[in-house]
Student: 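This is the structure, below, for whatever I ask next.
Within every chain, numbering begins at 1; the chains are lettered A, B, ... in the order of the sequence lines, protein sequences first and strands thereafter.
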There are 2 protein chains.
Amino acid sequence: MADRVRTIPPSSSPTPVSPEASAGYQVRRAHRRFDRFLNACLSRQGVKSGFWYYLRVLWIRDGVSQKYLSDMTNVAENTTATIVNSMVEDGLVTRKRDTEDRRRFSVLLTDRGRALEKKLMPYAAEINTVATEGIAEADLELCLSVLKRMSENLALGFDEHDKRPSEKA
Amino acid sequence: MADRVRTIPPSSSPTPVSPEASAGYQVRRAHRRFDRFLNACLSRQGVKSGFWYYLRVLWIRDGVSQKYLSDMTNVAENTTATIVNSMVEDGLVTRKRDTEDRRRFSVLLTDRGRALEKKLMPYAAEINTVATEGIAEADLELCLSVLKRMSENLALGFDEHDKRPSEKA
DNA sequence: GAAAGATACTTCGGTATAGAAGTAATTGCA
DNA sequence: TGCAATTACTTCTATACCGAAGTATCTTTC
């Protein structure tokens, strides 16, 4: 059943892959640092960091489904459900049954949720500014495109296995 | 007190920073995908994903302190405490008071913990291989060095604030 | 047009993570 | 030498996340 993600480990690696030279390691470390920095910013504003990613989606496009939010934030749907609940409690969004497809909810910003954009968005720039200090523009762009490609590569491995257990072709 | 991590949001960003073009966004997405892929591999082997990062450190250098593990894995010390407890329960490591400095523990691999190296290490290469498919060697290396620089930049902002509230110089 | 499958969401249980505050051991310094 | 600061670790509480399994709704298919 599995293919990219095997049950039996692949034959021993040719290169032992030192952590420093490993993409997985560097991505994880960078992520942890971004995450802590972001948390520090947001907690000062009394906003839970889990909200951030959802707010960013909603500021761009309001009234979307939880599925859409999950896809955009790269988070599982049950996680989104939990966090949206929490955001409703905090008065940042409301839920409304979609009339077209009654399985769905529309998640809608409240005034308070919308107002946070002005207060919080500058942090996105702030964090990226700090993070990218001393990095040439071209290098950064290349890095981001490599990250994007890696995300796509890893998603592929997954879709094949988890989302489509039976090959369609 | 804070400096890099401000209480008052910085003045409004010059560029609105579209998510796709944001380093934070790309790093986070890549991290989530790596994380899921890794989890899928490890759960098939009955190993909790939290163990992985600690095992990797211990396979290289056995008998280190929890502090050292925390530093190497970029994880807070209380998190390390929890996970090491869990690893002890699962019989992968043991703890031994350091006789030189009795505040410390040495975390030591059991035979079982050591044996996992052969079984699990190939995944490090596997994941990186899948992730970096179609990416030029030079581009990857540049990407990793940019990630490293970003991690350093973000850590700096933190150390200034959290680790050294009072300037030493 | 009814059963089978897919989709959107929820609930439950568990892991991974952090911050804050506490304890014990060590180090630094007056 | 003795007390203050620091360090290593723990405990408590809360958040962020996932997989599995369940419900309701929609779609497909014969």
Student: Just compare C:dC9, D:dT10, D:dC17 and give me whichever is closest to any side-chain atom of B:Ala81.
Tutor: D:dT10
Student: Rounding to a whole Å, what distance do you find between A:Lys67:NZ and D:dC26:P?
Tutor: 17 Å
Student: Could you state the CG-C1' distance from A:Asp35 to D:dA16, rounded to the nearest angstrom?
Tutor: 9 Å
Student: Measuring to OP1 and OP2 of D:dT10, would you say a side-chain N or O of B:Gln66 lies under 4.0 angstrom away?
Tutor: yes
Student: Starting at NE2 of A:His31 and ending at C1' of D:dC17, how long is that distance when rounded to a whole Å?
Tutor: 10 Å
Student: Which pair of non-hydrogen atoms, one from B:Ala23 and one from A:Thr132, has the smallest distance, and what is that distance?
Tutor: CB-CG2, 4.4 Å
Student: Please report, rounded to the nearest Å, how far the P atom of D:dT7 is from the CG atom of B:Asp71.
Tutor: 12 Å
Student: Quick one: does any side-chain atom of A:Arg29 pair with a main-chain N or O of B:Met72 as donor and acceptor, under 3.5 Å?
Tutor: no
Student: Among C:dA18, D:dT10, C:dC9, find the nucleotide with the atom closest to the side chain of B:Ala76.
Tutor: C:dA18
Student: Taking the minimum atom-to-atom distance to the side chain of A:Val75, which one of C:dC9, D:dC18, C:dT17 wins?
Tutor: D:dC18
Student: Categorize B:Ser49 for me: base, sugar-phosphate, or nothing, with a 4.0 angstrom heavy-atom threshold over every strand shown.
Tutor: sugar-phosphate
Student: Shortest non-hydrogen contact from A:Arg95 to A:Ala81?
Tutor: NH2-O, 4.2 Å
Student: Under 4.0 Å: is that the gap between some side-chain N or O of B:Thr79 and OP1 or OP2 of C:dA18?
Tutor: yes
Student: Less than 3.5 Å apart, which donor and acceptor atoms pair up between the side chains of residues 103-110 of chain A and the rest of the protein, not counting sequence neighbours?
Tutor:
{"from": "A:Arg103", "atom 1": "NE", "to": "A:Asp101", "atom 2": "OD1", "distance (Å)": "3.0"}
{"from": "A:Arg103", "atom 1": "NE", "to": "A:Asp101", "atom 2": "OD2", "distance (Å)": "3.4"}
{"from": "A:Arg103", "atom 1": "NH2", "to": "A:Asp101", "atom 2": "OD2", "distance (Å)": "2.7"}
{"from": "A:Thr110", "atom 1": "OG1", "to": "A:Gly91", "atom 2": "O", "distance (Å)": "2.7"}
{"from": "A:Thr110", "atom 1": "OG1", "to": "A:Leu92", "atom 2": "O", "distance (Å)": "3.0"}
{"from": "A:Thr110", "atom 1": "OG1", "to": "A:Arg112", "atom 2": "N", "distance (Å)": "3.4"}
{"from": "A:Thr110", "atom 1": "OG1", "to": "A:Gly113", "atom 2": "N", "distance (Å)": "3.0"}

Student: Got a list of protein N/O to nucleotides 21-25 of chain C N/O distances below 3.5 Å?
Tutor:
{"from": "C:dA25", "atom 1": "OP1", "to": "B:Arg102", "atom 2": "NH2", "distance (Å)": "3.4"}

Student: A:Ser65 near the nucleic acid: base, sugar-phosphate alone, or nothing, with a heavy-atom cut-off under 4.0 Å?
Tutor: sugar-phosphate
Student: B:Arg32 side chain N/O closer than 4.0 Å to the phosphate oxygens (OP1, OP2) of C:dA16?
Tutor: no
Student: Please confirm whether the shortest side-chain N or O distance from A:Arg28 to OP1 or OP2 of C:dA16 is below 4.0 Å.
Tutor: no
Student: Rounded to whole angstroms, how far apart are CG on B:Asn85 and P on D:dC12?
Tutor: 12 Å
Student: On DNA chain D, nearest-nucleotide positions of B:Thr82 versus B:Asn39: which is more 5'?
Tutor: B:Thr82
Student: Scan A:Trp52, A:Tyr54, A:Tyr68 and name whichever one has a side chain to side chain contact (heavy atoms under 4.5 Å, CB included) with A:Thr73.
Tutor: A:Tyr54
Student: Might you point out which heavy atoms bring B:Glu77 and B:Lys67 nearest each other, and give the distance in Å?
Tutor: OE2-CD, 3.3 Å
Student: Which residues pass the side-chain hydrogen bond (donor to acceptor under 3.5 Å, both in side chains) test with A:Asp90, not counting sequence neighbours?
Tutor: none
Student: State whether B:Arg104 places a side-chain N or O below 4.0 Å from either non-bridging phosphate oxygen (OP1 or OP2) of D:dC9.
Tutor: no
Student: Can you tell me the distance, in whole Å, between the CG atom of A:Leu38 and the C1' atom of D:dA16?
Tutor: 13 Å
Student: Classify A:Glu77 by what it touches in the nucleic acid, base, sugar-phosphate, or nothing, heavy-atom distance under 4.0 Å.
Tutor: base
Student: Can you measure A:Leu42 atom CG to C:dT17 atom C1' for me and round it to whole angstrom units?
Tutor: 16 Å
Student: What's the OH-C1' distance between A:Tyr53 and D:dA16, to the nearest Å?
Tutor: 10 Å
Student: For A:Arg33 and B:Asn74, does a side-chain donor sit closer than 3.5 Å to a side-chain acceptor?
Tutor: yes
